[in-house]
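Taking it in order: structure first as structure tokens, then the write-up.
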Amino acid sequence: MLKTGVFLGLLAMGMDVSMPPPRFAPDGQPTRTLLGWMPGEVQCDGAQVGHVMLRRPLGELGFGVPTKAPSISFTFEIDAAGRPLSIARDNGASTGFSGDAAPALAASRFAAGARKNCRIAYVAHAVPLGDAPIEDLVSYSITPTSGRLPKEGWDRIKAGGDCTAAPYPQPLLRAFPDFDKLPGTPGVRDWSLVAYDTDGKGAPVGLKTLFGTGNKALDAAARKAVGDSRFTGGARTGCRYPYWKAPEILAAPPAPAEESARPAGSNCPAKTRWNRPLATQFLEPWRRRSIEGWAIVTYDIAPWGGVGNVKIVAAQPAADFGHAAQTIVQNASAAPSPQGATGCVETVRFAMGRRTAPAMIEEPGGVEIF
């Protein structure tokens with residue numbers, strides 16, 4: 001598996017950290033960095049647990065390098081199949097609506113066997129763009145979580161060869177893989193970067209997979225697609241082109257029946273008559289990885305339809321869905337009634353729209369050829 005650069009911003013994780021003054025480049029601008037979290041070992045009930053695949057969080061741009069590496073940790077459980085569930089910040093706080101550590105953990109897999117009281121810590125580190133590995137810069141350009149990769153990063157990716165020298169070669173025919181026939185990865189956007197030269201007639205030669213997420217079928221299809229493409233004439237060297245496939249949907253675990261969560265003494269009808277459908281806005285870090293979830297909340301309704309006393313009963317695969325559902329129900333309003341209601345219960349489901357074409361393609365930053 002490629003050691004891709006996968007970095008998260010401290011503030012994007014909702015952490016209260018003190019950042020040092022930014023380091024400045026010779027031109028007086030603050031040093032841009034790739035900032036991220038490296039996962040540590042996983043322990044359950046005090047014993048180390050092996051993983052089948054431990055996903056690293058996606059990258060984010062930052063400024064400066066912290067003098068002390070902050071850390072963030074999560075508690076969770078592992079089900080019999082090795083899937084992480086009940087993911088939450090170990091201090092009980094929400095990670096908010098940004099930050100990829102919890103979704104990355106949810107997309108990970110561990111050795112089969114149910115386990116409780118699990119914990120993992122991620123340690124933050126920052127690398128100036130001028131020092132970051134090329135594959136880390138490419139990884140960020142595929143999924144730019146905090147804006148376009150700066151010119152300094154692109155210059156390093158494009159270094160070598162003359163493919164980006166004027167006059168720029170233009171695609172006469174751009175071929176693409178048949179994405180529908182390629183296997184995907186639940187919770188992970190697979191990508192493949194193809195390096196190639198072109199001969200005097202604009203035909204790609206010397207094709208090879210430079211970097212990628214290790215999806216061999218996508219790698220082979222990407223090389224074939226580049227080989228089938230044609231460009232304006234003139235021999236060139238150091239050309240590169242990426243293809244990516246959207247994550248396969250990672251479905252939420254089964255939710256229990258709502259009635260099992262109904263408080264004792266409830267006088268609420270089986271289903272609340274909302275004035276309008278609940279505004280279920282998908283959490284962006286989870287949407288980006290196509291990871292679904294659900295939450296069960298209880299609440300009371302005032303005679304005029306106002307909602308209060310909203311409590312999270314359960315949420316999977318992470319507490320993030322519970323916090324989001326709590327906000328959604330708190331901001332809703334129900335149909336008025338003479339006496340109101342207490343002990344109401346609602347299951348809020350966060351579901352991805354099923355795609356008719358599960359794979360997508362994208363040119364990073366609108367750049368045709370690196």
**Report entry** S266 to C344 - nearest heavy-atom pair and separation
**Finding:** OG-N, 4.4 Å
Query raised in the report: With no hydrogens and no angle check, is any side-chain donor or acceptor of Q316 less than 3.5 Å from a backbone partner on A295?
Result: no
Requested in this report: Determine whether L278 and L283 fall in the same hydrophobic cluster, where Ile, Leu, Val, Met, Phe, Trp and Tyr are linked whenever their side-chain heavy atoms lie under 4.5 Å apart.
Outcome: yes
Query raised in the report: Are V226 and F176 connected in a single hydrophobic cluster, I mean Ile/Leu/Val/Met/Phe/Trp/Tyr linked by side-chain heavy atoms less than 4.5 Å apart?
Result: yes
Query - Check: R189 side chain, T185 main-chain N or O, donor-acceptor pair, under 3.5 Å - result: no
**Report entry** S146: side chain to side chain donor-acceptor pair (under 3.5 Å) partners, not counting sequence neighbours
**Finding:** Y140
Report task. Return yes if a side-chain donor-acceptor contact under 3.5 Å exists between R119 and S73, otherwise no. Result -> yes
**Report entry** Cluster link I87 to L54, ILVMFWY, side chain under 4.5 Å
**Finding:** yes
Query raised in the report: Which pair of heavy atoms, one from G130 and one from E152, lies closest together, and at what distance?
Result: N-OE2, 3.2 Å
Report task. Determine whether the aromatic ring centres of F211 and W191 lie less than 6.0 Å apart. Result -> no
Query - salt_bridge(K151, D155) N-O dist < 4.0 Å - result: yes
Requested in this report: Would you check if the side chain of S139 reaches a backbone N or O of D136 as a donor-acceptor pair within less than 3.5 Å?
Outcome: no
**Report entry** Results of side chain to side chain donor-acceptor pair (under 3.5 Å) for S260 - residues two or more places apart only
**Finding:** none
Query - Contact check, side chains of I78 and R83, non-hydrogen atoms, under 4.5 Å - result: no
Query - Set of residues satisfying salt bridge (Lys or Arg N to Asp or Glu O under 4.0 Å) with respect to K224, sequence neighbours excluded - result: D228
**Report entry** Nearest heavy atoms of L193 and P242, plus distance in Å
**Finding:** CD1-N, 3.8 Å
Requested in this report: Take V188 and N215 through the side chain to side chain contact (heavy atoms under 4.5 Å, CB included) test and state the conclusion after the steps.
Outcome: CA-CA 11 Å; V188 175; N215 184 325; over 6 Å; no
Report task. Can you spot which of I291, L250, I249 makes a side chain to side chain contact (heavy atoms under 4.5 Å, CB included) with P186? Result -> L250
Query raised in the report: What residues, two or more places apart in sequence or in another chain, satisfy side chain to side chain donor-acceptor pair (under 3.5 Å) together with N331?
Result: none
Query raised in the report: Taking side chain as C-beta onward, heavy atoms only, is V194 less than 4.5 Å from L210?
Result: no
Query raised in the report: When rounded to the nearest 0.5 angstrom, what distance separates CD in E346 from SG in C268?
Result: 9.0 Å
Query raised in the report: Are V313 and V297 grouped together when hydrophobic residues (ILVMFWY) are joined by side-chain heavy atoms under 4.5 angstrom apart?
Result: no
Requested in this report: Flag the pair W154 / R148 as yes when at least one side-chain heavy-atom distance between them is below 4.5 Å, and no otherwise.
Outcome: yes
Query - Short side-chain donor-acceptor distance under 3.5 Å, W244 and D190 - result: no
Query raised in the report: Between the main-chain N or O of L172 and the side-chain N or O of R174, is there a donor-acceptor pair closer than 3.5 Å?
Result: no
Report task. Measure the OG1-CG distance between T237 and D162 for me, rounded to the nearest 0.5 Å. Result -> 4.0 Å
Query raised in the report: To the nearest 0.5 Å, what is the distance between OG1 (T213) and CG (L218)?
Result: 6.5 Å
Query raised in the report: Are D219 and K216 close enough for a salt bridge, meaning some N to O gap below 4.0 Å?
Result: no
Query raised in the report: Would you say the ring centroid of Y299 lies under 6.0 angstrom from that of W274?
Result: yes
Report summary line: For P39 and I120 the tightest heavy-atom approach is CB-CD1, 4.0 Å
Report task. Applying side chain to side chain contact (heavy atoms under 4.5 Å, CB included), run through T33 and L129 and close with a yes or a no. Result -> CA-CA 5 Å; T33 58; L129 293 183; 6.0 Å; no
Requested in this report: Find out whether K208 and Y196 are in side-chain contact, i.e. whether some heavy atom of one side chain is under 4.5 Å from a heavy atom of the other.
Outcome: no
Query raised in the report: For L182, does its backbone N or O pair with a side-chain atom of K245 as donor and acceptor, under 3.5 Å?
Result: yes
**Report entry** Lys/Arg N to Asp/Glu carboxylate O, D100 vs R289, below 4.0 Å
**Finding:** yes
Requested in this report: Ignoring hydrogens and angles, tell me if any N or O in the side chain of W294 forms a donor-acceptor pair with the backbone of P253 under 3.5 Å.
Outcome: yes
Requested in this report: Go through the side-chain N and O atoms of T143 and R288 and say whether any donor and acceptor fall under 3.5 Å apart.
Outcome: no
Query - Ring centres under 6.0 angstrom apart (Y168, F231) - result: no
**Report entry** Any donor-acceptor N/O pair, E60 side chain to L34 backbone, under 3.5 Å
**Finding:** no
Could you give the side-chain donor-acceptor pairs of residues 197-207 under 3.5 Å, partners two or more places apart or in another chain?
{"from": "D197", "atom 1": "OD1", "to": "G238", "atom 2": "N", "distance (Å)": "3.0"}
{"from": "T198", "atom 1": "OG1", "to": "G234", "atom 2": "O", "distance (Å)": "3.3"}
{"from": "T198", "atom 1": "OG1", "to": "R236", "atom 2": "N", "distance (Å)": "3.1"}
{"from": "D199", "atom 1": "OD1", "to": "K201", "atom 2": "N", "distance (Å)": "2.9"}
{"from": "D199", "atom 1": "OD1", "to": "G202", "atom 2": "N", "distance (Å)": "3.1"}
{"from": "D199", "atom 1": "OD1", "to": "A203", "atom 2": "N", "distance (Å)": "2.9"}

Report summary line: In this structure, CD1 of I134 is separated from NZ of K158 (nearest 0.5 Å) by 12.5 Å
Query raised in the report: Side chain of Q326, backbone of V310: donor and acceptor closer than 3.5 Å?
Result: yes
Query raised in the report: Taking atom types as modelled, is there a side-chain donor on D300 or T342 under 3.5 Å from an acceptor on the other?
Result: no
Query raised in the report: Do the side chains of P84 and F76 get nearer than 4.5 Å, heavy atoms only?
Result: yes
**Report entry** Step-by-step side chain to side chain contact (heavy atoms under 4.5 Å, CB included) determination, D320 to W286
**Finding:** CA-CA 9 Å; D320 285 355; W286 298 88; 3.1 Å; yes
Query - Flag side-chain contact, heavy atom, 4.5 Å: M38 against Y122 - result: no
Query raised in the report: Would you say S108's side chain and R55's backbone share a donor-acceptor pair under 3.5 angstrom?
Result: yes
Report task. Applying side chain to side chain donor-acceptor pair (under 3.5 Å), name anything that partners E41, two or more places apart in sequence or on another chain. Result -> Q43
**Report entry** Point-to-point distance, once rounded to the nearest 0.5 Å, from CD1 of I296 to CZ of R349
**Finding:** 8.0 Å
Requested in this report: Check the pair T298, K311 against side chain to side chain contact (heavy atoms under 4.5 Å, CB included), reporting the backbone distance first and the verdict last.
Outcome: CA-CA 5 Å; T298 59; K311 298 179 180 179; 3.7 Å; yes
Report task. Would you check if I72 and W37 make a side-chain contact, meaning some heavy-atom pair closer than 4.5 Å? Result -> yes
Query raised in the report: Do E248 and S290 have a side chain donor and acceptor closer than 3.5 Å?
Result: no
Query raised in the report: Is a side-chain donor or acceptor of R109 paired with a backbone partner of A106 at a separation under 3.5 angstrom?
Result: yes
Query raised in the report: Quick one: CZ on F179 to OH on Y243, what's the gap to the nearest 0.5 Å?
Result: 7.5 Å
Query raised in the report: Side-chain donor-acceptor pair under 3.5 Å between D90 and T75, yes or no?
Result: no
Query raised in the report: Checking side chain to side chain donor-acceptor pair (under 3.5 Å) for the pair Q170/T232: CA distance, chi angles, key distance, verdict?
Result: CA-CA 5 Å; Q170 299 298 317; T232 49; over 6 Å; no
